A.B. asks: 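Below you'll find the structure I mean.
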Amino acid sequence: MAIKLFDSLSREVRELTPSHADGVFRFYNCGPTVYAPAHIGNFRTFVVNDVLRRLLELEFGPDKVKHVRNVTDVDDKTIKRARDENRSLAAVTQQWTDKFHADCAALNCLPPHVEPTATGHIREQVDMIDCLMRHGNAYRAADGSVYFKVSSFSNYGRLSRVKERELQPGSALAGKSQAVDADEKEDGSDFALWKAHKPDDGENRWESPWGPGRPGWHIECSAMSKKHLGDTIDLHTGGVDLLFPHHENEIAQSECCNGVQFSRQWYHSEHLLVDGKKMSKSLGNLYTLDDLVAKGFSPMAIRYALLAGHPRKQLNFTLDSLHAAEKALATLRAHRAALAPAAAAHDAFAPVIAALQDDLNTPAALGALFTILNRKEGQPDLASFDRAMFALGFDLSAKTAAPKADAPPEIAALAEKRWAAKQAKDFATADALRKELAAAGWTMLDRKDGYSLEPAKK
RNA sequence: GGCGCGGUAGCCAAGUGGUAAGGCCGAGGUCUGCAAAACCUCUAUGCGCCGGUUCAAUUCCGGCCCGCGCCUCCA
């Protein structure tokens, strides 16, 4: 089998292959900007990339995959956050990097092999900008900032298929003034490689041949990809919103500097929608992992829900989908407990892997999974099942995160009374007390040897 | 205005030129005093609308309606 993935550049499904002689598949996934907790839309992309990472390991071997995902720890937002909180940039970005790692772990995402930071690669970025200056692809503006000259790269726009970047009537930019520093640029579509220091940047400045300042956002990924994966990589991934201008700019920078193809293939996952709209603070439909855990959902259910739609289609996220995911996961746990450790080694769950290998069709994989589980004949073996769980990244040992709220004394007393009545076979009293508990918002679950109390589900 | 995507059962969501995977919810049943859990069974003659091609279209083509995203920091 081979892993096939839609390539955003050629617009066709292509087989993934390593191009380097060492047989190591190299892929770069644009990571988060660490100034606040990531939301579940961000995590959709990271979870999808995690499934891809797992598939690659199954296909090429664990030591034949090199996965790089950056952390953007210097930009307008991180600097603003540090300024607003009167803290150092490093303190702010470390806090949110740690939170990001904790969330990723909760979602059972494998850590990338290298996780470079922008501030840790200033030299590499400066070197690359210098290279672009020497090649005539960049220029220094009056304020000391350095811009990439878009007109110097004839292939610009190939990825996003947008040639003309001028304002169009009806565009989001129409009516607004152009970028603040547009007059500094030779062309409105030129983008910053190096941003000259401004008072608002505070202490966050680095030296460069063009004066103090900080790197632009786009050059970060080009420089770190080059350093850790080489001039030509096998795959570059990210969310669709990065397609333009970020990825378009990366191609321009890298190919102008290195003179060779930047990435052999591109993959973009679609947006997660909430209530039919893209998540945004202004719409008030933005969820973080913590928001959902606080509602009683387990991170694994969130992972499941994020994989329930095709990664290249917008997925409308709802709380209902989380309920469904929680139930489905419980079913998987029950099935796993019933599977035989090692029968005849027929790979019953191969169709699950096959669906994933077919352009990361996660919903089809989940469908195949249950179809196989529901079959009456045959006994699927555990190793095959576990391989499918590994590929999907489902950790079935994780318990449902039911909030363990302790019942107040009067509720506990009622429960005791009901249990006693039941033991005495006074079912009328027992039933009446169950209703009373329910009215108070508590559900009593009986077992053979006792009972448990849980807050009633809405 | 440009570029792109989507509209499949109550909800979520695969898929195919030959008659619709799967999950959730719901209904019925078995089992337990009841409830919960578990297990069994059932649940779209139809895939936005209108035309066209075809022996056959939800699946191909054309038009239309509706929704969403990008073009601005963004996964």
Side-chain angles (χ1 to χ4, degrees), chain A residues 8 11 29-33 35 38-49 69 72 75-78 80 157 160-174 176 178-179 189 217 237-246 248 268-273 276-281 304-332 334 338 351 355 361-374 376 418 422 425-428 430-431 434-435 437-438 443-448 451-452 454:
Chain A
S8 311
R11 312 202 75 207
N29 172 21
C30 282
T33 300
Y35 71 106
H39 58 246
I40 56 167
N42 297 314
F43 283 120
R44 179 185 196 194
T45 295
F46 298 129
V47 165
V48 165
N49 273 270
R69 185 181 64 206
T72 298
D75 77 323
D76 291 346
K77 284 177 298 194
T78 47
K80 181 175 189 306
S160 56
R161 274 168 297 278
V162 179
K163 290 280 188 214
E164 298 298 322
R165 303 257 37 106
E166 291 95 61
L167 296 186
Q168 297 290 338
S171 85
L173 269 182
K176 296 183 186 174
Q178 284 215 27
S189 56
W217 174 44
T237 66
V240 268
D241 49 344
L242 296 185
L243 206 140
F244 185 87
H246 188 53
E248 196 73 75
H268 294 92
S269 43
E270 256 297 345
H271 277 306
L272 184 72
L273 306 181
K277 305 271 190 200
K278 180 179 166 181
M279 279 195 288
S280 72
K281 282 176 184 160
Y304 188 107
L306 292 176
L307 292 175
H310 190 111
R312 290 198 295 105
K313 273 178 75 172
Q314 293 171 348
L315 173 65
N316 191 20
F317 183 86
T318 64
L319 258 31
D320 272 352
S321 70
L322 240 29
H323 280 113
E326 209 78 76
K327 299 285 283 217
L329 244 15
T331 301
L332 291 179
N361 194 336
T362 52
L366 293 174
L369 178 62
F370 283 95
T371 300
I372 295 160
L373 251 14
N374 291 338
K376 296 295 180 290
R418 198 195 77 89
K422 178 185 167 170
K425 301 214 184 296
D426 179 2
F427 297 126
D431 288 350
R434 179 191 289 288
K435 276 185 183 172
L437 282 165
T443 302
M444 190 164 170
L445 300 174
D446 295 351
R447 294 190 311 272
K448 279 196 169 64
Y451 61 89
S452 63
E454 287 180 8

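Letters A, B, ... are given to chains in the order of the sequence lines, protein chains preceding strands, and every chain is numbered from 1. Because the structure is predicted, anything quoted here is derived from the model rather than measured.
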A.B. asks: What nucleic acid atoms does G239(A) come within less than 4.0 Å of, heavy atoms only: base, sugar-phosphate, or nothing?
C.D. replies: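 Sugar-phosphate: the residue G239(A), judged by heavy atoms under 4.0 Å, touches backbone atoms but no base.
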A.B. asks: Nearest heavy atom decides the nucleotide; on that basis, is I40(A) or T318(A) closer to the 5' end of RNA chain B?
C.D. replies: T318(A)
A.B. asks: Using atom C1' in both nucleotides, what's the gap between C50(B) and U43(B) to the nearest angstrom?
C.D. replies: 31 Å
A.B. asks: Are the side chain of T362(A) and the backbone N or O of G309(A) linked by a donor-acceptor pair below 3.5 Å?
C.D. replies: yes
A.B. asks: For R312(A) and A75(B), what is the distance between atoms CZ and C1' respectively, to the nearest whole Å?
C.D. replies: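 The answer, rounded to whole Å, is 16 Å.
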A.B. asks: Identify the two heavy atoms, one from A305(A) and one from A325(A), that lie closest to each other, and give their separation to 0.1 Å.
C.D. replies: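 Shortest heavy-atom contact: N-CB, 4.0 Å.
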A.B. asks: Between U53(B) and C60(B), how many Å separate the two C1' atoms, rounded to a whole number?
C.D. replies: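 That atom pair is separated by 8 Å.
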A.B. asks: With a 4.0 Å cut-off on heavy atoms, is N361(A) in touch with a base, just the backbone sugar-phosphate, or nothing at all?
C.D. replies: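 Sugar-phosphate, backbone atoms only, no base.
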A.B. asks: List in chain and number order the residues that pass salt bridge (charged side-chain N to carboxylate O under 4.0 Å, His left out) with K80(A), two or more places apart in sequence or in another chain; answer none if no residue qualifies.
C.D. replies: D84(A)
A.B. asks: Looking for any heavy atom pair under 4.0 Å, which part of the strands does H39(A) touch: base, sugar-phosphate only, or nothing?
C.D. replies: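 It contacts base atoms.
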A.B. asks: Roughly how many Å is it from CG in N29(A) to P in A75(B), rounded to a whole number?
C.D. replies: 11 Å
A.B. asks: With sugar-phosphate meaning primed atoms plus P, OP1 and OP2, does L315(A) contact a base, only sugar-phosphate, or nothing at under 4.0 Å between heavy atoms?
C.D. replies: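 Sugar-phosphate: the residue L315(A), judged by heavy atoms under 4.0 Å, touches backbone atoms but no base.
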A.B. asks: Mind checking the CG-OG1 spacing from L373(A) to T331(A)? Nearest 0.5 Å is all I need.
C.D. replies: 8.5 Å
A.B. asks: Which pair of heavy atoms, one from C30(A) and one from R69(A), lies closest together, and at what distance?
C.D. replies: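 Distance-wise, the nearest heavy atoms are C-CG, 4.3 Å.
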A.B. asks: For atom C1', what is the distance between U8(B) and U41(B), given to the nearest Å?
C.D. replies: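 Each nucleotide's C1' atom is 25 Å from the other's.
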A.B. asks: Roughly how many Å is it from CG in L243(A) to C1' in U72(B), rounded to a whole number?
C.D. replies: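 That distance rounds to 15 Å.
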A.B. asks: Whole Å only: how far is the NZ atom of K425(A) from the C1' atom of G33(B)?
C.D. replies: 7 Å
A.B. asks: I'd like the P distance from A14(B) over to C39(B), given in whole Å.
C.D. replies: 26 Å
A.B. asks: Rounded to whole Å, how long is the line connecting atom CG of L272(A) with atom P of A75(B)?
C.D. replies: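 Spelled out: CG on L272(A) to P on A75(B) is 13 Å.
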A.B. asks: Using whole Å, report how far CG of L319(A) lies from P of C25(B).
C.D. replies: 15 Å
A.B. asks: Need one value for G41(A): base, sugar-phosphate or nothing, where a base atom within 4.0 Å counts as base even if backbone is also close, heavy atoms only.
C.D. replies: base
A.B. asks: Partners of K278(A) by salt bridge (charged side-chain N to carboxylate O under 4.0 Å, His left out), sequence neighbours excluded?
C.D. replies: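 Expected list: none.
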A.B. asks: Just compare A75(B), G22(B), C73(B) and give me whichever is closest to any side-chain atom of K77(A).
C.D. replies: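 The answer is C73(B).
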A.B. asks: If only atom types and distance count, is the side chain of Q314(A) paired as donor or acceptor with the main-chain N or O of H271(A) below 3.5 Å?
C.D. replies: no
A.B. asks: Base, sugar-phosphate, or nothing for F427(A), non-hydrogen atoms under 4.0 angstrom?
C.D. replies: base
A.B. asks: If you take all heavy atoms of P363(A) and H310(A), which pair is closest and at what distance?
C.D. replies: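 Here P363(A) and H310(A) meet closest at CG-N, 3.3 Å.
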A.B. asks: Looking at C3(B), A75(B), G23(B), which one has an atom nearest to any side-chain atom of T33(A)?
C.D. replies: A75(B)
A.B. asks: Under 4.0 angstrom, heavy atoms only, what part of the nucleic acid is T371(A) near: base, sugar-phosphate, or nothing?
C.D. replies: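 Sugar-phosphate only.
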A.B. asks: Please give, in whole Å, the distance from G4(B) P to H268(A) NE2?
C.D. replies: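 Those two atoms, NE2 and P, are 15 Å apart.
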A.B. asks: Determine the interatomic distance between P on A9(B) and the same-named atom on C5(B); round to the nearest Å.
C.D. replies: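 About 22 Å, rounded to a whole number of Å.
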A.B. asks: Taking T371(A) for its side chain and G367(A) for its backbone only, find out whether a donor-acceptor pair lies under 3.5 Å.
C.D. replies: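 At least one qualifying donor-acceptor pair exists.
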A.B. asks: Measuring only the C1' atom in each nucleotide, how far is U19(B) from G23(B)? A whole number of Å is fine.
C.D. replies: 24 Å
A.B. asks: At what distance, to the nearest 0.5 angstrom, does CG of D431(A) lie from CG of D426(A)?
C.D. replies: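 The CG atom of D431(A) sits 9.0 Å away from the CG atom of D426(A).
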A.B. asks: Pairs counted as Watson-Crick or G-U wobble with both distances under 3.5 Å: what dot-bracket string results for RNA chain B, using | for bases tied to another strand?
C.D. replies: (((((((..(((.....[...))).(((((.......))))).....(((((..]....))))))))))))....
A.B. asks: What is the nucleic acid contact for N316(A), judged by heavy atoms within less than 4.0 Å: base, sugar-phosphate only, or nothing?
C.D. replies: sugar-phosphate
A.B. asks: Which atom pairs link the protein and nucleotides 67-69 of chain B when you take only N or O atoms and keep those under 3.5 Å?
C.D. replies:
{"unit_1": "C68(B)", "atom_1": "OP1", "unit_2": "K277(A)", "atom_2": "NZ", "d": "2.0"}
{"unit_1": "C68(B)", "atom_1": "O2'", "unit_2": "Q314(A)", "atom_2": "OE1", "d": "2.8"}
{"unit_1": "C68(B)", "atom_1": "O2'", "unit_2": "Q314(A)", "atom_2": "NE2", "d": "3.1"}
{"unit_1": "G69(B)", "atom_1": "OP1", "unit_2": "K278(A)", "atom_2": "N", "d": "3.3"}
{"unit_1": "G69(B)", "atom_1": "O4'", "unit_2": "Q314(A)", "atom_2": "NE2", "d": "2.9"}

A.B. asks: Rounded to whole angstroms, how far apart are CG on D76(A) and P on U72(B)?
C.D. replies: 15 Å
A.B. asks: Taking all non-hydrogen atoms of both residues, which atom of F427(A) and which atom of K422(A) are closest, and how far apart?
C.D. replies: CE2-O, 4.0 Å
A.B. asks: Dump every N/O contact between nucleotides 34-41 of chain B and the protein below 3.5 Å, one line per pair.
C.D. replies:
{"unit_1": "C34(B)", "atom_1": "O2", "unit_2": "D431(A)", "atom_2": "OD1", "d": "3.4"}
{"unit_1": "C34(B)", "atom_1": "O2", "unit_2": "R434(A)", "atom_2": "NE", "d": "3.4"}
{"unit_1": "C34(B)", "atom_1": "N3", "unit_2": "R434(A)", "atom_2": "NH2", "d": "3.1"}
{"unit_1": "C34(B)", "atom_1": "N4", "unit_2": "D446(A)", "atom_2": "OD2", "d": "2.9"}
{"unit_1": "A35(B)", "atom_1": "N1", "unit_2": "D446(A)", "atom_2": "N", "d": "3.3"}
{"unit_1": "A35(B)", "atom_1": "N3", "unit_2": "R434(A)", "atom_2": "NH2", "d": "3.3"}

A.B. asks: Can you give me the closest heavy-atom contact between L366(A) and L307(A), atom names plus distance?
C.D. replies: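 Distance-wise, the nearest heavy atoms are CD1-O, 3.9 Å.
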A.B. asks: Could you tell me which residues satisfy salt bridge (charged side-chain N to carboxylate O under 4.0 Å, His left out) with R44(A), sequence neighbours excluded, listed by chain and number?
C.D. replies: none
A.B. asks: Between A325(A) and A308(A), name the one whose nearest nucleotide on RNA chain B is closer to the 5' end.
C.D. replies: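 Nearest-nucleotide comparison on RNA chain B picks A308(A).
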A.B. asks: Taking the C1' atom in each of A21(B) and A44(B), what is the distance between them to the nearest angstrom?
C.D. replies: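 To the nearest whole Å, 13 Å.
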A.B. asks: Between C55(B) and C42(B), how far apart are the two P atoms, rounded to whole Å?
C.D. replies: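 About 37 Å, rounded to a whole number of Å.
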A.B. asks: How close do E270(A) and R312(A) get, heavy atom to heavy atom, and via which atoms?
C.D. replies: CG-O, 3.4 Å
